[in-house]
**Q** 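First the structure, then my questions, so here it is.
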2 protein chains.
Amino acid sequence: MRRKSTVLTQQELEIMKVVWEHDTVTVRDVYETLLKRRKVAYTTVMTMMKILEQKKYLKKNQTDRAHVYRPAQPRGKVIGAMVRDFVNRVFNGSAEPLLVHLVEEHDLSAEDLEEIARLRKDRP
Amino acid sequence: MRRKSTVLTQQELEIMKVVWEHDTVTVRDVYETLLKRRKVAYTTVMTMMKILEQKKYLKKNQTDRAHVYRPAQPRGKVIGAMVRDFVNRVFNGSAEPLLVHLVEEHDLSAEDLEEIARLRKDRP
DNA sequence: CGAATAGTACTAAATAGTTAGTATGAGACG
DNA sequence: CGTCTCATACTAACTATTTAGTACTATTCG
């Protein structure tokens, strides 16, 4: 089936989170991790992981019995794309308004911000 | 049809952006604004606005000929909910990693951050 | 060996979201 | 007054995403 979304969809993200945590996984690994949180079928996880492979988020290599999957792209890059997509869609591409929301609605102190600012200065 | 998403979907957001810009709109107003950007049918816009009314994002009052819609919730509140949802889904609820992404991937200077921090200090 | 187990591929279908057509009615207007 | 225009309600259908069943193959193990 053709997929439209360029960034990860909700369920794809859930699976990628598990993959990034473990770095190297089988379908069973992901299945069992997800099962702890919610009911899901093994084949559902398999289907999603196949889609993720087609979309170049995962790569697999046949080790012995089961396929072994690993991330095809670093976490930071993928999440970064999601952030950029969100900023584009919701804030028409400008990050400042999002910052303001974060400061107002989450408990971010001035100190948090200063620390980030410091980090920014160190790596210009 | 039953809707699942609690926050605004992509197309719902596009329409709400137009509504917030104008504050008081008819279906035709929104339709014509959207048309400038992409092909869309009048009835499509109408359907979406009806859904938005059901979801309590819009309220309408029959003024004379056409229904007049206005936002049922302030922009900041709705966008804030979207930000919170995003932070929950992508960052498991913690805002700091999102901040780091914003700093690294968008062109946010240390000065920007300091200004936000100042704003934060003024309104604790 | 032969049954149970674990894995994959292929396929189907349910759910969510988006788009738009058709019927219908009320007011404008020649 | 009959017709044109614009608006709505209802409905249908398409696309995207998610979920999972079934058939088949290889491996394990008593």
Side-chain angles (χ1 to χ4, degrees), chain A residues 1-19 24-69 82 85 89-90, chain B residues 1-19 24-70 78 82 85 89-90:
Chain A
M1 192 197 303
R2 206 186 47 170
R3 297 257 141 179
K4 179 129 175 236
S5 179
T6 52
V7 295
L8 290 171
T9 63
Q10 179 56 48
Q11 298 312 316
E12 288 170 352
L13 176 61
E14 288 311 310
I15 287 178
M16 287 307 298
K17 282 185 184 173
V18 177
V19 177
T24 286
V25 294
T26 60
V27 173
R28 181 150 298 273
D29 294 332
V30 177
Y31 167 64
E32 276 166 6
T33 305
L34 288 184
L35 256 196
K36 287 171 193 159
R37 289 178 241 156
R38 67 187 185 91
K39 176 183 157 301
V40 66
Y42 181 89
T43 48
T44 301
V45 178
M46 215 182 60
T47 305
M48 293 298 291
M49 290 178 74
K50 191 174 305 178
I51 290 169
L52 284 166
E53 195 206 348
Q54 285 164 3
K55 293 177 79 169
K56 310 287 184 198
Y57 284 103
L58 290 180
K59 53 190 174 189
K60 78 177 169 199
N61 48 349
Q62 185 82 43
T63 308
D64 61 337
R65 193 108 155 68
H67 292 165
V68 173
Y69 290 88
M82 292 190 74
D85 175 74
R89 287 190 302 101
V90 180
Chain B
M1 193 194 306
R2 205 185 49 170
R3 299 256 141 181
K4 176 129 177 238
S5 178
T6 51
V7 295
L8 290 172
T9 62
Q10 179 56 50
Q11 297 312 317
E12 288 170 352
L13 175 61
E14 288 311 310
I15 287 178
M16 286 307 297
K17 281 184 184 174
V18 178
V19 177
T24 286
V25 294
T26 60
V27 172
R28 181 149 297 273
D29 295 332
V30 177
Y31 166 64
E32 276 165 7
T33 305
L34 288 185
L35 255 198
K36 288 171 194 162
R37 289 178 241 158
R38 66 186 185 93
K39 177 184 156 298
V40 66
Y42 181 89
T43 48
T44 301
V45 178
M46 214 181 64
T47 305
M48 293 298 292
M49 290 177 74
K50 192 174 305 180
I51 290 169
L52 284 165
E53 195 205 348
Q54 283 163 5
K55 292 177 80 169
K56 310 289 184 198
Y57 284 102
L58 289 179
K59 53 190 173 190
K60 77 178 171 201
N61 48 348
Q62 184 84 44
T63 307
D64 61 335
R65 195 105 156 67
H67 291 166
V68 172
Y69 290 89
R70 60 184 67 232
V78 173
M82 291 190 75
D85 175 73
R89 287 190 301 103
V90 180

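Within every chain, numbering begins at 1; the chains are lettered A, B, ... in the order of the sequence lines, protein sequences first and strands thereafter.
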**Q** What is the distance, to the nearest angstrom, from the CD1 atom on B:Ile51 to the P atom on D:dT11?
**A** 15 Å
**Q** Any salt bridge between B:Arg89 and A:Glu14, counting N to O under 4.0 Å?
**A** no
**Q** Which residues pass the salt bridge (charged side-chain N to carboxylate O under 4.0 Å, His left out) test with A:Arg38, not counting sequence neighbours?
**A** none
**Q** Measure from OH on B:Tyr57 to C1' on C:dG17 and round the result to the nearest Å.
**A** 14 Å
**Q** Quick one: B:Gln11 CD to D:dT15 C1', roughly how many Å, whole number?
**A** 12 Å
**Q** Main chain of B:Asp29, side chain of B:Thr33: is a donor-acceptor contact present, judged purely on distance under 3.5 Å?
**A** yes
**Q** Figure out the CD/C1' separation between B:Glu53 and D:dA9, and round it to whole Å.
**A** 13 Å
**Q** In whole angstrom, give the distance that lies between atom CD of B:Gln10 and atom C1' of C:dA16.
**A** 15 Å
**Q** With rounding to the nearest 0.5 angstrom, report the OG1 to CE distance, A:Thr47 to A:Met49.
**A** 11.0 Å
**Q** Does A:Thr44 place a side-chain N or O at less than 4.0 Å from the phosphate oxygens OP1/OP2 of D:dT19?
**A** no
**Q** In whole Å, I'd like the distance from the CG atom of B:Leu58 to the C1' atom of D:dT8.
**A** 16 Å
**Q** In B/S/- notation, 5' to 3', how is nucleotides 6-11 of chain C contacted by protein heavy atoms closer than 4.0 Å?
**A** BSBB--
**Q** Rounded to whole angstroms, how far apart are CG on A:Leu52 and P on D:dT19?
**A** 12 Å
**Q** Return the value, rounded to whole Å, for the distance between atom CD of B:Glu12 and atom C1' of D:dA16.
**A** 15 Å
**Q** As a test of reading the structure: which of D:dA20, C:dG17, C:dT19 is closest to the side chain of A:Lys39, going by heavy atoms?
**A** D:dA20
**Q** Is the closest basic N to carboxylate O distance between B:Lys50 and B:Glu53 below 4.0 Å?
**A** no
**Q** Mind checking ring-ring contact (aromatic ring centres under 6.0 Å, His included) for A:Tyr31 and listing every partner two or more places apart, or none if nothing turns up?
**A** A:Tyr42
